[in-house]
Every structure is written in structure tokens, then in C-alpha cells.
Amino acid sequence: MYPLLLKPAVKDYIWGGQRLKTVYHIETDLDIAAEAWVLSCHPNGPSTVQNGQLAGMTLKEALAAWDQQQPEILVKLIDARDRLSLQVHPDDAYAKEHHASLGKTEMWYVLDAEPGATLICGFEKKISTEEFAAHIASGTPEQVVCHVPVKPGDVFFISPGTVHAIGAGILLAEVQQNSDITYRVWDWGRVGADGKGRPLHIEQALAVSNTEPYPIKNNQDAGEKIAGGTLRTLASCPYFDTRAMSLDGTASLPCDVRSVLCTSGTATLRCEGCEDISLSPASTVYIPEGLAVTLTGKAQLLWIK
């Protein structure tokens, strides 16, 4: 076994921009690069292996070849040129009953944001489901949701049932459960390439939405010094544990880290008996169980367990 350098699946949703191509140099023939699924075993957008004897396989296929369990997380880079739809995700119980799928707990780590950029997270105050439905019907759900200003380095943990939207001008990394279930509440009246509005999923959204004010948890922990840099805990939950590392030198990864995503700078990932892997922005590596890995360089990285 060896560390797997991954090629992302790219999505061209209508709200996406160009920065994943121009800043992160992600290769795609698509005109719009809204999302890059940099670590994914999901059938809707699997990552593929770029290095070694398993090059060309999907991550899921590669791990099956080694009899390794596939991760139940999905990691994305998201470039919102325009705002995303107002949306909500179900929890495990609802997703299992209605989709035979995992639910979707997620976290956002803001990499860049234009001045004045905001996102939507939960409601300004408690409302009833009936009130929320009335605002959707009248085209005014924006009046009752909570708008939060953002800047690079901000972190938000989004529980299932939280009505949310990433705003225009925001570039972020998202770590989530391995699920692709989204209930679209409102899409700001825009239309797709076919001239029609995208489907809404109002009945499902109302069934799962938490209409209490959501406690905004913008994690701004400064982190702790470790050998080779500093380490900051971004989010820890039953589904994933995500840390941000500022690397300046050489650091050994804990044995339970399964993935590394470079968000800026450059570094080299080394594993005894394996070829070195050069990391630049957007480079993502999956680390099979049992491998000891070190990082050397000057870079900003996400560790994901």
C-alpha cells in the first residue's frame, strides 16, 4: 500500500466560478467549476487515483483492492461566484428511511471571501414550520434567515436540519458525510440553461428543518504549537475530525489521519518505501491505515480523520 494522490470530480453548477481552475489549477473541460470533490467514494462524483500501480482506479476501487474500508466522508472545494440555493439536509434516520442513504452533517472552512460576503445559517429567531412555509410560498424566506458575515479562516459546523446557503464571493473547503442529499428550499428566482427554474423540495425541507435559532459556532481557535508548525481543531463529531495545520518545517502525521488537503503553499508528503508526493493548493492524498507519513514544507493543510 502507499498514499493515494487523488484527482477530483468537478461539478459545473450554475452558481459556480473559475477560481478552482485559475487559482487551484484543477483540470477540467467544464466551463464552470463550482465544486471539486477532492476526496469522494460517492457514485455521483468519485475521486480517482493519480499515482502508482492503482492509477486510474476510483478511490473506492483502490481501497477495495487493498481490502480497506472506504471513508464515509466527502471532501469538497466550493467556489461560489453566485449564492447557492437556500437548502437543508436530512439526518441519518430520515435519509435512511427515505433514500437508503447517510444523512449530511458538514463543516465549512472559509478559504477566501470577497469584502461584504455573507452566508446564511439558520433563523434570526424561532418561527413555526407553518410560518416558514408561508414565507417560502410568498417568496420571502430570506426575511427570516440569519445572514452571517465571513472572512478567511472562519469555520462553521452545519448540523442536519439547519437551513443554510453559501453566499456569493465565498471560496471554502467542505467536509461532510458521504451523502449527496440536498433539499432545495428557495433558489432566488433564477433559471438554468434550459430557461426553467431548478426543482424545489419544499415538502421534504419542511419535514427536516430546525426552525429554532441556530447557535452560530464560528470556530476561531488560534491552535497549538506542534513539531513542524501549529495545529488548530476545526470540527470534531462522530463522523469526522478536521484540523488545520500551518506547516513550517517537518511534521509527522498521527496514525489515525486518513486524508490531507493542501489549501495553500507547497509541501512534500513522504512515506517509507513509497515515492514522495508533491503537494500544492488543492492536492489531496488519502492515507491507508497502517502507513506512517511525514510532511515537509511551508503550507496550509487540512488533516481529516
Side-chain angles (χ1 to χ4, degrees), residues 1-11 19-30 33 35-79 109 111 173-176 178 228-229 240 242-245 247 250-305:
M1 293 188 296
Y2 59 94
L4 301 172
L5 179 64
L6 302 177
K7 180 179 180 180
V10 180
K11 304 291 184 175
R19 286 182 290 181
L20 298 183
K21 296 194 291 184
T22 60
V23 177
Y24 287 86
H25 304 292
I26 291 174
E27 296 181 359
T28 176
D29 293 331
L30 299 173
E35 295 185 354
W37 293 18
V38 296
L39 188 154
S40 170
C41 287
H42 200 284
N44 291 352
S47 306
T48 55
V49 178
Q50 296 191 72
N51 63 326
Q53 63 184 12
L54 302 185
M57 286 189 178
T58 66
L59 175 58
K60 182 177 181 179
E61 291 168 342
L63 295 179
W66 287 338
D67 198 26
Q68 291 246 326
Q69 184 175 357
Q70 72 180 55
E72 292 191 343
I73 59 169
L74 199 165
V75 182
K76 302 175 180 176
L77 292 173
I78 299 176
D79 176 22
Y109 178 54
L111 300 173
E174 177 177 287
V175 180
Q176 58 159 91
N178 187 27
F240 50 77
T242 306
R243 316 284 176 97
M245 183 187 189
L247 176 70
T250 298
S252 298
L253 289 187
C255 61
D256 56 351
V257 173
R258 295 277 72 82
S259 179
V260 174
L261 164 62
C262 180
T263 57
S264 67
T266 58
T268 300
L269 185 145
R270 293 191 170 95
C271 177
E272 186 175 356
C274 307
E275 289 189 9
D276 290 354
I277 297 177
S278 297
L279 303 180
S280 57
S283 295
T284 305
V285 177
Y286 185 83
I287 304 165
E289 290 185 50
L291 296 185
V293 169
T294 62
L295 294 164
T296 300
K298 191 174 182 64
Q300 302 297 316
L301 306 145
L302 296 185
W303 294 1
I304 304 162
K305 303 179 181 180

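Here the structure is a predicted model, which means the values were calculated and not measured. Side chains included, hydrogens not; waters and symmetry mates left out as well; all remaining heavy atoms used. Throughout, numbering of the chain's residues begins at 1 and tracks the sequence.
The nearest pair of heavy atoms linking D79 to L20 is CB-CG, 3.9 Å. Summarising the geometry of T294 relative to T250, their closest heavy-atom pair is CB-CG2, 4.5 Å, with the distance given to 0.1 Å. Considering every non-hydrogen atom in both T28 and K21, the closest pair reads CG2-CD, 3.4 Å. Closest non-hydrogen pair, S40 versus H42, comes out as OG-N, 3.0 Å. Closest heavy-atom contact between W303 and M245: CZ2-SD, 3.4 Å. The nearest pair of heavy atoms linking Q176 to F240 is CA-CE2, 4.0 Å.
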Could you give me the CA-CA distance, side-chain angles and deciding distance for T242 and V175, then say whether side-chain contact (heavy atoms from CB on, under 4.5 Å) is met? CA-CA 8 Å; T242 306; V175 180; 3.8 Å; yes
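Annotation: side-chain hydrogen bond (donor to acceptor under 3.5 Å, both in side chains) contacts of K60 (sequence neighbours excluded): none.
With hydrogens and angles ignored, the 3.5 Å screen pairs a side-chain donor or acceptor of T263 with a backbone N or O of Q300. Checked by atom type and distance alone, the side chain of Q50 pairs as donor or acceptor with a backbone atom of L6 at under 3.5 Å. Checking side-chain atoms of N51 against main-chain N and O of Y2 turns up no donor-acceptor pair under 3.5 Å. For T284 (side chain) and A282 (main-chain N/O), a donor-acceptor pair under 3.5 Å exists by modelled atom type.
Here the straight-line distance linking atom CH2 of W37 with atom CG of L59 works out to 13.5 Å at 0.5 Å rounding. Note that the OG atom of S283 and the CG atom of L5 stand 6.0 Å from one another [nearest 0.5 Å].
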Would you mind writing out the side-chain donor-acceptor pairs for residues 266-280 within the sub-3.5 Å range, not counting sequence neighbours?
from, atom 1, to, atom 2, distance (Å)
R270, NE, D276, OD2, 3.0

